[in-house]
Amino acid sequence: MADHVHRVTLFKLPKPEDVNTLIEQYKVLEATHQKNGKPYLKSVVIGKPEADPRAQGYTLCAKTEFASADDMKYYDEECEAHKTLKGVAKSLALEGAMSVYFKPTVYHPTVGAGSSQ
């Protein structure tokens, strides 16, 4: 949604096994995140960047979507699933991480784009 908070986090993990470990931990996070006894993340999307100079050495990208800034604050400060994920990330050969978040200025979902009829 246009009023949701979207966050993109990039990781530089030079060891492929560490990338896979963090992907698995994001799967755990997606399955276990809770606030007031209910799942609260609107979406969790994880992927390995394609081999391309624009990736600048980043080896994993995570996009999380929150209903509000308060939910993102909860994620950062109180969410047990996220605390576990951060602990795992810190135990890996992490060479860098970057995170940005935003509320969309332009939001135009395209239904059926690219489909041929």
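Both backbone and side-chain heavy atoms feed into the values below; hydrogens, waters and symmetry mates do not.
- In this structure, S99 OG and L10 CG are separated by 8.0 Å, a value rounded to the nearest 0.5 Å.
- Not counting sequence neighbours, the partners of Y40 by the ring-ring contact (aromatic ring centres under 6.0 Å, His included) test are H33, Y74.
- The structure places CD of E65 at 9.5 Å from CG of L41, a figure rounded to the nearest 0.5 Å.
- Residues R7 and M72 form a side-chain contact, since some pair of their non-hydrogen atoms from C-beta on lies under 4.5 Å apart.
- Follow the hydrophobic side-chain contacts under 4.5 Å out from I46 and you reach Y101 in the same cluster.
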For this session: Determine, step by step, whether V8 and C61 satisfy the side-chain contact (heavy atoms from CB on, under 4.5 Å) criterion, reporting the C-alpha distance in whole Å, the side-chain angles of both residues, the deciding distance to 0.1 Å, and the verdict.
Result: CA-CA 7 Å; V8 177; C61 181; 3.8 Å; yes

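- Under 3.5 Å, the side chains of H6 and K63 contain a donor-acceptor pair of N or O atoms.
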For this session: Could you walk me through whether F102 and V5 pass side-chain contact (heavy atoms from CB on, under 4.5 Å), step by step?
Result: CA-CA 6 Å; F102 62 96; V5 177; over 6 Å; no

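- Taking the side chain as every heavy atom from C-beta outward, K27 and I23 approach each other to under 4.5 Å.
- Listed by chain and number, the residues in a ring-ring contact (aromatic ring centres under 6.0 Å, His included) with Y75 are F66, H82 (sequence neighbours excluded).
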Side-chain donor-acceptor distances from residues 84-97 under 3.5 Å, at least two apart:
{"residue": "T84", "atom": "OG1", "partner": "E80", "partner atom": "O", "Å": "3.1"}
{"residue": "K86", "atom": "NZ", "partner": "D76", "partner atom": "O", "Å": "3.0"}
{"residue": "S91", "atom": "OG", "partner": "V88", "partner atom": "O", "Å": "2.6"}

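- Residues satisfying the side chain to side chain contact (heavy atoms under 4.5 Å, CB included) test with P49, not counting sequence neighbours, are A55.
- Applying the side-chain hydrogen bond (donor to acceptor under 3.5 Å, both in side chains) definition to pairs two or more places apart or across chains, those involving residues 51-61 are D52-R54.
- Annotation: salt bridge (charged side-chain N to carboxylate O under 4.0 Å, His left out) contacts involving residues 30-50, sequence neighbours excluded, comprise K35-D71.
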